[in-house]
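For reference, the structure is listed below as structure tokens.
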2 protein chains.
Amino acid sequence: MDTALEGASPSWAATYRRDCPSRTVIEVLANKWALYVLGALRRYDRPMRFNELRRLLDGITQKMLTQTLRALERDGLVSRTVYPTVPPRVEYGLTELGVGAGQLTSAIAEWSAENAQKIATARRAFDGRATVEPAPLQ
Amino acid sequence: MDTALEGASPSWAATYRRDCPSRTVIEVLANKWALYVLGALRRYDRPMRFNELRRLLDGITQKMLTQTLRALERDGLVSRTVYPTVPPRVEYGLTELGVGAGQLTSAIAEWSAENAQKIATARRAFDGRATVEPAPLQ
DNA sequence: CTGAATCCGAGTAGATACTG
DNA sequence: CAGTATCTACTCGGATTCAG
């Protein structure tokens, strides 16, 4: 039981402590829309306009897109460039830091797409088992 | 402008459509606690007990841990083994599928830890800019 | 020890309307 | 086009209690 090392956790165990700074980062990334935005910018590999992102990310509302982009901009992952034309034109691109994050998030998107079938099967099996016994109500 | 291919999106663009099956997967993974659980199981590389996970993941409540583990079990990422002892003992481990997911999520945790400093700096800069103009209240 | 069940407040997301 | 500003509905997550 590692009694001699009881107090010595692996160095990365600190990630899971409440006050670990990395947690604040993860909490920004662990978000559906943040994953999509970073992934899309990474995969298209070019700055994108607000409404372009909005059309691409089916189902996102203007509010959530704004909010997500602000959070990513605040974290230095996304850059926002305003072209003072009329009508206004705003482009969002990945910073150097954002490219790194985008690689991770697009990897998750790819993995999800590749394994969606298996997971759907697992879900059906699980739900089937779960509903054998209980009443069919609700 | 690729006018000839205007209707032809990259194949992965489907990931961002509302009805894409991969979205349901991403929505499970794009969650702070799911990331932590998968990452922890992956990094420790062995099955872990409920309360062991609970102690490790500082701040998680029993409810959220249960809920997260159920969702991951349902998706076939985590296996649940009950040892009919008294008191009961339940171990959670990664399935083959879960190992793949765990690699991605622990990569995010590592990246976050490595870049937390830079991001904290970016946040201070952003917040500084934002509060230059407005009243210093609150 | 490993949960399930309940209650409840805070925050989030959606819809809508308006602006530069 | 690219937002801001509300308003509401609702879900999520935390705390607590109870059970096998």
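Numbers restart at 1 for each chain; the letters A, B, ... are given by sequence-line order, proteins then strands. Reckoned from all heavy atoms, side chains included, excluding hydrogens, waters and symmetry mates. As the structure is a prediction and not an experimental result, all values here were calculated from the model.
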Would B:K118 and A:E96 pass as an ion pair if we require N to O under 4.0 Å?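 The answer is no: the pair does not qualify as a salt bridge.
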Quick test of your reading of the model: are A:R123 and B:E73 salt-bridged, counting only N-O distances below 4.0 Å? no
Do B:R89 and B:Y83 form a cation-pi contact, if we require the NZ or CZ to be under 6.0 Å from the six-membered ring centre and within 45 degrees of the ring's axis? yes
Any residue in residues 16-27 of chain B with a heavy atom nearer than 4.0 angstrom to DNA chain D? Just list them by number, or reply none.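 When residues 16-27 of chain B is checked for heavy atoms under 4.0 Å from DNA chain D, there are no hits whatsoever.
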Distance-only donor-acceptor hits, side chain of residues 25-32 of chain A, under 3.5 Å, sequence neighbours excluded:
unit_1, atom_1, unit_2, atom_2, d
A:N31, OD1, A:W33, N, 2.8
A:N31, OD1, A:A34, N, 2.8

A correct 5'-to-3' footprint of nucleotides 14-20 of chain C, with B, S and - meaning base, sugar-phosphate only and no protein heavy atom under 4.0 Å, is BB----B
So B:V37 and B:Y92, side chain to side chain contact (heavy atoms under 4.5 Å, CB included) or not? Walk me through it. CA-CA 10 Å; B:V37 167; B:Y92 295 91; over 6 Å; no
In whole angstroms, the gap separating P of D:dC1 from CD of A:E91 amounts to 14 Å
For A:E52 and D:dC1, give me the distance from atom CD to atom P, rounded to whole Å. 11 Å
Begin with the C-alpha distance, continue with both residues' side-chain angles, and end with the deciding distance and a verdict on salt bridge (charged side-chain N to carboxylate O under 4.0 Å, His left out) for B:R46 and B:E52. CA-CA 12 Å; B:R46 64 173 173 79; B:E52 188 179 9; 2.6 Å; yes
Can you tell which of C:dC1, C:dA13, C:dG3 lies closest to the side chain of A:N31? C:dA13
Considering every strand and a 4.0 Å limit on heavy-atom distances, what is the contact class for A:Y83: base, sugar-phosphate, or nothing? nothing
Heavy-atom nearest nucleotide on DNA chain C for B:R49 versus B:T66: which residue maps closer to 5'?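 Nearest nucleotide further toward 5': that of B:R49.
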